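For this chain, numbers begin at 1 and follow the sequence in order. The structure presented is a predicted model; accordingly, all values stated were derived computationally and were not measured.
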Amino acid sequence: QVQLAESGGGLVPVGGSLRLSCAASGPTLSGYFMGWFRQAPGKEREFVATLYWITHNTYYSDSVKGRFTLSRDAAKNTLYLEMNSLKPEDTAIYYCAARRGSGWATRLDDYDSWGQGTQVTVSS
């Protein structure tokens, strides 16, 4: 099973930018989908974005499309989430997740490896 560790969270003003990292260890990521979810206070964890490791293809939720960008560094086994034009509603704990399979997946149950999360707070 893949082990995941997020970093890069913090406090940022409205309109600012932040880059999250997710370092993966364990089996090779070939054939894996890597994703980000987030959970705001009092809300359920929700899908943010996902990337297919081999092709770099990406899929985003409507709420972040055009503002967030996924990328990955294969040499470092690290997934990145570049977040721009941040809004107060982006405030949440951000979790990295991984799964094997085919096709895009946005449900929590589709993912079988999770990191501990990193806090992102957007101040207004």
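Taking CD of E46 as the start and OG of S63 as the end, the distance is 5.5 Å to the nearest 0.5 Å. Separating the OG atom in S7 from the CD atom in Q116 is a distance of 13.5 Å, to the nearest 0.5 Å. T78 OG1 to E6 CD: the interatomic distance, rounded to the nearest 0.5 Å, is 11.5 Å. A distance of 8.5 Å separates OG in S102 from OH in Y52, rounded to the nearest 0.5 Å. Interatomic distance, S21 OG to E82 CD, rounded to the nearest 0.5 Å: 9.5 Å. Between R99 atom CZ and R107 atom CZ the span is 9.5 Å, to the nearest 0.5 Å.
Summarising the geometry of T118 relative to G9, their closest heavy-atom pair is OG1-N, 3.1 Å, with the distance given to 0.1 Å. Taking each heavy atom of L20 and M83 in turn, the nearest pair found is CG-CE, 3.7 Å. Among all heavy-atom pairs drawn from W36 and C22, the shortest one is CZ2-CB, 3.6 Å. The heavy-atom pair separating I54 from G31 by the smallest distance is CD1-N, 3.4 Å. The minimum heavy-atom distance between S113 and Q1, with the atom names listed, is OG-CG, 3.0 Å.
When side chains are defined from C-beta on, V14 does not count as touching S123, because their heavy atoms never get closer than 4.5 Å. Looking only at side-chain heavy atoms (C-beta outward), L79 and L51 come within less than 4.5 Å of each other. Residues T106 and Y59 form a side-chain contact, since some pair of their non-hydrogen atoms from C-beta on lies under 4.5 Å apart.
Taking the side-chain contact (heavy atoms from CB on, under 4.5 Å) definition, one finds that A24 meets it with V2, L4, L29, M34, sequence neighbours left out. Judged as a ring-ring contact (aromatic ring centres under 6.0 Å, His included), and not counting sequence neighbours, W53 has no contacts. Partners of Y60 under the ring-ring contact (aromatic ring centres under 6.0 Å, His included) rule, at least two apart in sequence or in another chain, do not exist in this structure. Evaluation of the side-chain contact (heavy atoms from CB on, under 4.5 Å) rule for T121 yields L11, T91, Q119 as partners, not counting sequence neighbours. Partners of A40 under the side-chain contact (heavy atoms from CB on, under 4.5 Å) rule, at least two apart in sequence or in another chain, are K43, A92. Residues passing the salt bridge (charged side-chain N to carboxylate O under 4.0 Å, His left out) test with K65, sequence neighbours excluded: D62.
Atom CD of E44 has 12 or fewer neighbouring heavy atoms from other residues, nucleotides or ligands inside a 6.0 Å radius.
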> Passes side-chain contact (heavy atoms from CB on, under 4.5 Å), Y80 versus L70? Steps please.
Replying inline: CA-CA 6 Å; Y80 301 102; L70 280 170; over 6 Å; no
>> Does R67 form a salt bridge (Lys or Arg N to Asp or Glu O under 4.0 Å) with D90? I'd like the steps, not just the answer.
In response: CA-CA 11 Å; R67 299 188 298 122; D90 294 318; 2.7 Å; yes
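Between W104 and F33, the gap from one ring centroid to the other is short of 6.0 Å.
One hydrophobic cluster, built from ILVMFWY side chains closer than 4.5 Å, holds both I93 and W114.
In the model, S17 has a side-chain atom that pairs as donor or acceptor with a side-chain atom of N84 under 3.5 Å. Side-chain contact check for Y94 and R38: at least one donor-acceptor pair (N or O, by modelled atom type) lies under 3.5 Å.
The only option from Y95, F37, Y111, F68 that meets the ring pair (Phe, Tyr, Trp, His ring centres under 6.0 Å) definition with F47 turns out to be F37.
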